[in-house]
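Below: the structure, in structure tokens.
For this chain, numbers begin at 1 and follow the sequence in order. It should be emphasised that the depicted structure is a prediction, and the values quoted were computed from it without experimental measurement.
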Amino acid sequence: MNRLLALALAAGLLLAPAALAQNKPASQPPRPAPTRPSAAKPAEKPKEIAPAKPEPLSKEMEDATKAGPNHRPLEWFEGEWNAIVATPGRDKPDTGTMTCKVVFGDRFLSMEFDGRSRGRFFRGSGMWGYNNLEKRYEATWADSESTAILFMAGKASADGKVFTFAGESNDPVTGRRIITKAVITITGRETWKEEFFAVNGGTESKTMEIVYTRSKNEKTDKPADKPAEKPTDKSK
């Protein structure tokens, strides 16, 4: 019995170091020394690209695209104007304002109207210019009382004070095509008027007249005797 106990104690002493070795936590690898972040490199400045040189135009293209004497009359209309709108059959006139500005290198006149027409709020805008190739004045107009864009073409009088335009549109009542005519007349140093006509079946009837007076807030240095420069040639 004593011999068996001694053998058991001896076996325990032999196994104890192995058990302690298994329970001992494994040693962790050494941590690397912290490294300082390198300074950020400054962003490289983008290389500047030289603008492309414009291609030279032929004389024909140059003449077709540049603004000339026939565009200068548009400059007289630039500014803000008070408008009185008279409609046939309506006793009380309407009022509004028209703002005109020469745009795109003095090639066109941009027009913005804000006011009333037949007692209702009315807004409209258009563009007016001279087509060098067609040798005529051209104009577009769109407003809050229609879904159509009106296109008109015309010419100036010899003295450069009257501009007559004509175009086609549909009569909403009859559905037939009619001719719409507009006559713009410079009546004074700071006044001008627009007259509109409908030509239906050979009969011409006046549909509207708008008289414009330059706003008192506008300053003009245009001489009274020269409201617009005379065009160089007549339109077709």
Side-chain angles (χ1 to χ4, degrees), residues 62-85 95-115 117 122-146 148-169 180-197 208-236:
E62 189 75 26
D63 292 341
T65 57
K66 69 181 180 181
N70 292 294
H71 297 89
R72 293 195 186 102
L74 305 178
E75 298 175 6
W76 186 87
F77 295 91
E78 191 169 34
E80 186 171 321
W81 305 84
N82 296 322
I84 299 178
V85 184
T95 60
T97 58
M98 175 76 88
T99 303
C100 301
K101 185 178 180 181
V102 176
V103 296
F104 303 144
D106 300 335
R107 289 173 173 83
F108 300 94
L109 184 72
S110 174
M111 311 175 76
E112 297 281 344
F113 186 93
D114 192 354
S117 175
F122 177 82
R123 297 193 70 183
S125 65
M127 192 80 77
W128 177 17
Y130 183 82
N131 188 326
N132 289 336
L133 293 177
E134 297 293 339
K135 292 182 170 51
R136 67 183 184 181
Y137 286 95
E138 297 176 345
T140 60
W141 185 259
D143 56 51
S144 58
E145 287 193 347
S146 174
I149 298 177
L150 179 63
F151 175 83
M152 307 179 79
K155 60 182 181 179
S157 61
D159 60 1
K161 294 183 179 181
V162 181
F163 302 84
T164 304
F165 292 87
E168 290 188 355
S169 60
T180 301
K181 181 180 174 182
V183 180
I184 297 175
T185 306
I186 297 175
T187 56
R189 180 177 180 176
E190 297 182 340
T191 58
W192 59 288
K193 68 177 179 179
E194 267 185 307
E195 298 173 282
F196 298 92
F197 304 87
M208 186 182 296
E209 178 177 308
I210 308 177
V211 175
Y212 297 95
T213 304
R214 189 178 294 276
S215 172
K216 293 181 179 180
N217 297 327
E218 280 284 318
K219 294 182 180 180
T220 176
D221 55 359
K222 296 178 175 60
D225 297 334
K226 192 179 179 183
E229 186 171 330
K230 180 180 178 181
T232 56
D233 55 3
K234 293 183 179 181
S235 305
K236 290 181 181 180

* Quick one: are Tyr130 and Lys135 in side-chain contact, heavy atoms under 4.5 Å? -> yes

* Answer yes or no: is there a donor N or O on one side and an acceptor on the other, between the side chain of Ser146 and the main chain of Asp143, under 3.5 Å? => no

* Straight-line distance of Glu75 CD to Cys100 SG, nearest 0.5 Å -> 13.0 Å

* Asked: Rounded to the nearest 0.5 Å, how far does NZ of Lys193 lie from OG1 of Thr213?
  -> 12.5 Å

* Asked: Heavy-atom distance under 4.5 Å between the side chains of Met111 and Met98, does that happen here?
  -> yes

* May I ask you to check whether over 12 heavy atoms, not counting those of Leu150, lie within 6.0 Å of atom CG? => yes

* **Neighbour count >12 (heavy atoms, 6.0 Å) for atom CZ, Arg123** => no

* Asked: With distance as the sole test, does Thr185 use its side chain to make a donor-acceptor pair with the main-chain N or O of Thr187 at under 3.5 Å?
  -> no

* Under a 4.5 Å cut-off applied to non-hydrogen side-chain atoms, are Ile184 and Trp192 in contact? -> yes

* Considering all heavy atoms, the nearest Glu195-Glu209 contact -> OE2-OE1, 3.7 Å

* If you take all heavy atoms of Gly105 and Ala67, which pair is closest and at what distance? -> O-CB, 3.8 Å

* Does the His71 side chain pair with the main chain of Gly129, one donor and one acceptor, at a distance under 3.5 Å? -> no

* Structure fact -> Between the OG1 atom in Thr140 and the CD atom in Glu138, the distance rounded to the nearest 0.5 Å is 9.5 Å

* To do: State, to 0.1 Å, how close Gly96 and Phe113 come at their nearest heavy-atom pair, and which atoms those are.
  => CA-CZ, 4.0 Å

* Asked: Quick one: does Phe77's side chain get under 4.5 Å of Val102's, heavy atoms only?
  -> no

* Asked: To the nearest 0.5 Å, how far apart are CD1 in Ile84 and OG1 in Thr95?
  -> 8.0 Å

* Would Asp106 and Leu74 count as a side-chain contact (heavy atoms from CB on, under 4.5 Å) if you check the C-alpha gap in whole Å, the side-chain angles of each, and the deciding distance to 0.1 Å? -> CA-CA 8 Å; Asp106 300 335; Leu74 305 178; over 6 Å; no

* With distance as the sole criterion, is a donor-acceptor pair present between the side chains of Tyr212 and Glu194 under 3.5 Å? -> yes

* Side chains of Asn82 and Thr97: closer than 4.5 Å at any heavy-atom pair? -> yes

* Asked: Does Trp141 have its ring centroid less than 6.0 Å away from the ring centroid of Phe151?
  -> no

* Can you tell if the side chain of Phe163 reaches within under 4.5 Å of the side chain of Pro73, non-hydrogen atoms only? -> yes

* Just wondering, do Met208 and Ser117 contact through their side chains at under 4.5 Å, heavy atoms? -> yes

* To do: Please test Ser169 against Thr180 for side-chain hydrogen bond (donor to acceptor under 3.5 Å, both in side chains), starting from the C-alpha separation and ending with a verdict.
  => CA-CA 7 Å; Ser169 60; Thr180 301; 2.9 Å; yes

* Is the shortest heavy-atom distance from the side chain of Lys181 to the side chain of Thr164 under 4.5 Å? -> yes

* Asked: In Å and rounded to the nearest 0.5 Å, what is the OG to CD distance from Ser125 to Glu112?
  -> 4.5 Å

* Structure fact -> All heavy atoms of Gly160 vs all of Ile186, minimum pair found to be O-CD1, 4.1 Å

* Asked: Where the side chain of Asn70 meets the backbone of Asn132, is there a donor-acceptor pair that is under 3.5 Å apart?
  -> no

* For the atom pair CZ (Phe108) and NZ (Lys101), what is the distance rounded to the nearest 0.5 Å? -> 15.5 Å

* Might you point out which heavy atoms bring Thr65 and Arg107 nearest each other, and give the distance in Å? => O-NE, 2.7 Å

